[in-house]
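I have placed the structure first, in the form of structure tokens, so that the comments after it can refer back to it.
Everything numeric in this text was worked out from a predicted model, so none of it was measured.
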Amino acid sequence: MRHAKQKTTAILLILCIVCGICLHRSAGLLEAAEEEMQTSAISPLESLVGGDGQYAAGNQYGVVYSIDNTVIAQEFVYDGKTKYCAAEGYSSIIGCEGSGGLIYSLRQTLLSNASEINKTAHRGNSVVTTLHSKGMKTANNILSAFDEECEASITLVIREGAVLVAAGNNSYSPEAFFHPNDYDDLYIDYSASVNSVGSSVKPILDRMYLLHNDEYEKDDRIGSKNFVDFSYIRLDDGSVIHNHDHYVPSCYEGSTEEDPSLFWRHCTLSEALQWSSNVFHILHAERLGFTNAQTYLNEMTGIQRPIITEINKLDAVTCQKDRLPWFFFGQDFECSPVRMCHLFNHITGGIFTQPFYVAQVIQPDGTLLYEANSTARSEYRIKVKTEDDILIEAMADTFESYVSEAVSKKYDRRVLAKSGTAQNADGTQDRVMMVSVLSEDRETVLASACFAINKTETDYTNRYMVEQLLMVLHAADIF
């Protein structure tokens, strides 16, 4: 069977959902009062899918919907066999019966036999996911241009934690599920897979540095115009880490007397992000103490713990002590796109909400059995006043440095961005673009998106990557 990528033609049956949910209503339902959630707590959905285990393999599967009322899983017949699996464009995230993805993870719900209506109808419960069909379609169209040599994904998470887009260039037509051994990446969700994120992590680090700004000398504080950035730094073990522009003297104000090849310049936070200075961020971590800085980062974000969702596990972000200098400029910062979106929502909005994929569970007679309720973790709350926050302004400056003046004016400093590049040992690179969107009054963050292109030999420009994410954000009704 040929490699059936997302553009393979398939006829899908599109149904209307029983209870007419829409994105805007769902987002509103997720705005719950802030409450502390212990890591050992069992959510209502976890109780439903893992509780008494009353499900029947002989039942018909419930329906899987997108948040905007599109059926995204159904029975497909191929070569005389029938399987319940993802519709085209959703293979890596929705999966197939008996194997992987949401269908397998939520089989106890989709085949539920717990209530009398399930038994009478011989059908499990339906699941309304948080996935946005128009956003997914736009992302899949963009990703269809990437060949199999690289791993490309587009991810979008709103501030309440709902994952609206989780698309990869390994999206297959339903026929692939009938020959799963022919595909190495059939059940790999690139949006939940860990890769190096490069300099895109720097705003996350800067938020941590800001929280500990009083531990620096006056000229070293974030916000100072007197901080001195260098073209490279030599570590105690003799290793050298340099800025990308270290070989361009015109980017600096002068050279040091001790080493004419070591250039220096004054550097603000905005300039550090636009120039993507590695040394700026390493020096701020070094002056806190690398181990202390790692502890502070974990205290702010909880990144050293995995995040368990209804359908997957988002791996913890860790680093060995001897690699911390590389961690603090992004080369060794390895994180999944979903978790990066979650982190950007956190550092720009101040609220820590756990990512999730299920908005509702509905019984065969239309009874609402479960509805998602976003829960904020109070121990990770950050005080962020977005309208005059120095990091928000620096990220807005960085977005404007990536795009044309016309695009910059269109969004009126509502869009924040940071790119990243990490070099791989085989000569390829991992490219990441992060974009966050503020509300019209710039008082809160609405959503964050990630475009990741891993193991690529091609240099993709920041402008190209930002423009693709803006298309997805518009398609998913964020603007």
Side-chain angles (χ1 to χ4, degrees), residues 196-210 213 215-290 293-294 297 319 322-333 390-391 393-395 397-402 417-425 427-434 459-462:
S196 296
V197 300
S199 293
S200 66
V201 74
K202 287 171 180 173
I204 301 171
L205 303 176
D206 291 329
R207 179 61 71 196
M208 181 270 290
Y209 298 149
L210 278 166
N213 224 12
E215 297 185 34
Y216 294 108
E217 297 292 333
K218 182 178 179 181
D219 288 345
D220 290 345
R221 291 174 183 170
I222 300 292
S224 170
K225 296 181 180 180
N226 296 320
F227 182 86
V228 178
D229 183 35
F230 295 97
S231 57
Y232 71 82
I233 182 173
R234 190 178 301 277
L235 305 177
D236 291 341
D237 65 0
S239 301
V240 174
I241 298 174
H242 56 73
N243 291 334
H244 300 294
D245 55 8
H246 72 104
Y247 52 86
V248 186
S250 60
C251 292
Y252 296 83
E253 297 176 44
S255 60
T256 63
E257 294 182 4
E258 297 82 3
D259 182 357
S261 68
L262 177 61
F263 304 106
W264 65 272
R265 61 189 171 195
H266 291 98
C267 183
T268 65
L269 175 60
S270 178
E271 291 166 335
L273 290 181
Q274 292 178 66
W275 298 335
S276 210
S277 172
N278 295 330
V279 175
F280 177 97
H281 290 86
I282 294 172
L283 285 175
H284 277 91
E286 182 184 53
R287 288 167 189 176
L288 290 175
F290 286 120
Q294 186 181 34
L297 187 63
C319 182
D322 62 339
R323 295 294 299 179
L324 284 176
W326 288 264
F327 179 83
F328 280 102
F329 74 90
Q331 177 67 33
D332 281 19
F333 194 103
I390 185 175
L391 177 58
E393 297 307 318
M395 294 171 70
D397 291 341
T398 304
F399 168 76
E400 292 181 348
S401 74
Y402 295 161
K418 185 67 189 82
S419 68
T421 305
Q423 302 299 326
N424 299 318
T428 63
Q429 61 183 9
D430 294 345
R431 282 283 280 130
V432 175
M433 176 60 68
M434 296 299 306
D459 290 324
Y460 292 96
T461 66
N462 292 332

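Distance alone, capped at 3.5 Å, is enough to place a donor-acceptor pair between the Gln294 side chain and the Cys319 backbone. A distance-only check finds no donor-acceptor pair linking the side chain of Gln429 to the backbone of Asn424 [under 3.5 Å]. Remark: the backbone N or O of Leu235 is not paired with any side-chain donor or acceptor of Ser239 at under 3.5 angstrom. Under the 3.5 Å distance criterion, the side-chain polar atoms of Glu271 are matched with a main-chain donor or acceptor of Thr268. A donor-acceptor pair is defined here as one N or O able to donate and one able to accept, closer than 3.5 Å; such a pair exists between the side chain of Ser196 and the backbone of Gln331.
Between atom CG of residue Asp206 and atom CG of residue Leu391 there is a gap of 6.0 Å, rounded to the nearest 0.5 Å. Atom CG in Leu210 sits 6.5 Å away from atom CD1 in Ile390 (nearest 0.5 Å). Leu262 contributes atom CG, which lies 4.5 Å from atom OG of Ser231 (distance to the nearest 0.5 angstrom).
The side-chain heavy atoms of Phe328 and Phe333, taken from C-beta on, include no pair separated by under 4.5 Å. A heavy-atom distance below 4.5 Å is not found between the side chains of Phe263 and Asn243.
In this structure, Arg234 does not pair ionically with Asp259, as no charged nitrogen and carboxylate oxygen lie closer than 4.0 Å.
Centroid-to-centroid, the aromatic rings of His284 and Phe227 come within less than 6.0 Å.
The nearest pair of heavy atoms linking Arg265 to Asp245 is NH1-OD2, 2.9 Å. Minimum interatomic distance between Ser199 and His244 (heavy atoms only, all atoms of both residues): OG-NE2, 4.2 Å.
Residues meeting the side-chain hydrogen bond (donor to acceptor under 3.5 Å, both in side chains) test with Ser419, sequence neighbours left out: Tyr402, Asn462. In this structure His281 satisfies the ring pair (Phe, Tyr, Trp, His ring centres under 6.0 Å) test with no other residue, sequence neighbours excluded. Asp322 pairs by the side-chain hydrogen bond (donor to acceptor under 3.5 Å, both in side chains) definition with nothing, not counting sequence neighbours.
The 12-atom threshold is exceeded at CG of Asp237, counting heavy atoms of other residues, nucleotides or ligands nearer than 6.0 Å.
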